[in-house]
Amino acid sequence: MNDTLEIEFKKARALFPVTAKKKGITYLNSASTGPLSLPVKKALYDYYEMTQYLEKSLIDRDAFASLDKIRKMGAGIIGAHADEIGFGFSTTFGLNIAAFGLPFKKGDEILLSDIEFPANVYPWLALKERGIKVILLKSSNRVFDIDIFRRSIGKKTKALSLSFVQFFNGYKNDLIEIGKICGEKGIYFIVDGIQGCGVEAIDVHKAQIDIFSSGAQKWMLSPLGTGFFYIRKELQNEITFPFASWLSVDWKLNFTDLFHYDLPFFCSARRFEMGTYPYAHVFAMEAALNIISSLGVKNIQSHTHRLLDILIEFLQSDKRYRIVSSLEPKHRSSILSFTCDNAKEVHGSLAGNKIISSFREGALRVSVHLFNNESDIERLTKILSIK
Ligand SMILES: Cc1ncc(COP(=O)(O)O)c(C=O)c1O
C-alpha cells in the first residue's frame, strides 16, 4: 500500500468510534453487523433534527437527487449501471424479487447450495406451493462444488441462487466461472451478495449475474433496513413482481397533482422499489458508501486480506488452531474462520477481552474491514496465544 493510501485508511479508521482506544473494543465482526461511523451518525442526526420542523417537503428535488446519487454509488461498488439498482430493505427483499418475479412455472427446478444462509433458501422454498422444485446441491468439504453444479443442470433447471461469499467460512465463490456456466446453459444466476458487497471486488456484468441483492447493514457499514438490489437491464422487462408502488412511476417531481393513474412505470430497477423511503437510513447509507467509494473496494479488499495474512501466519504457527477457510487466493475473502478443541471457550474469552467476533458452525469467525488495522490483529493473536 502506498503512503497516501495508508494515510487515507488511517483517516477512515478515525471515523469509527468503535476503534477509539478508550472503549477498549477490537471489532472483528462486520460479517455480523457493520459498526456505524461518525458521518453516518451525523446523517441520521441531521435528518431527525430537520424532521422536527419540516420546513420543507420531504419529497423534493434534493431528496430525489440524493437517491439517484446513492443508486449510482451502489452501482459503482458492484460494476453495474445506476438504472440497474434499486433500494431494498434487506438482502431478502431482492431475493424475493427474483423468486417471485422471474417467470418460473410448475415443474421448473431451482438450484441452491446446501450451505446457504437461510435468507437465500426460504424465499425459494415458498415456491414449492406453485409446484416449483428446489434442489439443495451437495457441497464438498463445505464449499460449493462447481462440478456437482454442472452435472445437476437438467432440462427443467431454470436458476441457480448462490452467495457471493459463504457466511460461515468466508469462501468466495468464483462468480465469473459459475456465471459463465449459467449463461451457457441459459439459466438465471441470482446472487446473495451481502457477505462481500462493499469489501470484495465484484463486477456483476462480467459475472453474468441476473439479480444481485445485498443488505447494507454489514459490509456497507449502514443502518439496519438499508440495502440495494441489482437487476440486469435486459431482464427488467421479464419480471412480473406481485407488488407495485406509486413511487415507481415518474411524477416529474410534481407531487401536487396526483390523480394520475395512467403513468408508466420507470424503465429501471427503481420500478421494483416499495413506496416511501426510510430517508434517515438511506441518507446515512450515502454517508457510509462515501467512505467505501472514496477508498475503493479493491483497495479495501487488499487491506483486509493483508490484515488476515497476519492472522493466518499466526494460526499456522500454533498447532492448536485449524483454519477452516479456504486459503486459495481466489476463494479468500475478508472473513477468516478457524477452530480448535475448545473453540467456544476461546470465543468467550475473546468476548471477555472485548474482542468481538462470531461463533458459526463450530468455528470462530473473524471478519476484518476498512477500519481495522494491525493493532487489532495483534490484540487478537495475543489472546489466542495464551496457553
Ligand atoms: C449470506 C447472508 N445472506 C443474508 C443475510 C441476511 O439477510 P437480510 O439482509 O435479508 O436480513 C445474512 C446475514 O445476516 C447472510 O450472512
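Heads up: numbering here begins at 1 and tracks the sequence. What's counted below: heavy atoms across the whole structure, side chains too, no hydrogens, waters or symmetry copies. From a predicted model like this one, the values you see are computed outputs, not experimental measurements. All ligand and atom numbering here is 1-based and tracks the order in the structure.
Side-chain contact of S337 with N169: a donor-acceptor pair under 3.5 Å is absent, judged by distance alone.
Exactly one residue among S161, S163, S139 makes a side chain to side chain donor-acceptor pair (under 3.5 Å) with E116. That residue is S163.
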List the atom pairs, with distances to 0.1 Å, where a side-chain N or O of residues 97-108 and a protein N or O form a donor-acceptor pair under 3.5 Å, not counting sequence neighbours.
from	atom 1	to	atom 2	distance (Å)
D108	OD2	K105	N	2.7

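Residue pairs that meet the salt bridge (Lys or Arg N to Asp or Glu O under 4.0 Å) test with at least one member in residues 17-29, sequence neighbours left out, do not exist here. Contacts classified as salt bridge (Lys or Arg N to Asp or Glu O under 4.0 Å) and involving residues 205-228 (residues at least two apart or in different chains) are given here: D210-R232.
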When you check ligand 1 against the protein, what N or O pairs turn up below 3.5 Å? List the atom names and distances, or just say none.
from	atom 1	to	atom 2	distance (Å)
ligand 1	3 (N)	D192	OD1	3.3
ligand 1	3 (N)	D192	OD2	2.6
ligand 1	9 (O)	T91	N	3.0
ligand 1	9 (O)	T91	OG1	2.8
ligand 1	9 (O)	Q217	NE2	3.0
ligand 1	10 (O)	T91	N	3.2
ligand 1	10 (O)	T92	N	2.8
ligand 1	10 (O)	T92	OG1	2.4
ligand 1	14 (O)	K218	NZ	2.8
ligand 1	16 (O)	Q195	NE2	2.9

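The existence of a salt bridge linking D145 and R151 is excluded, since no basic side-chain nitrogen approaches an acidic carboxylate oxygen closer than 4.0 Å.
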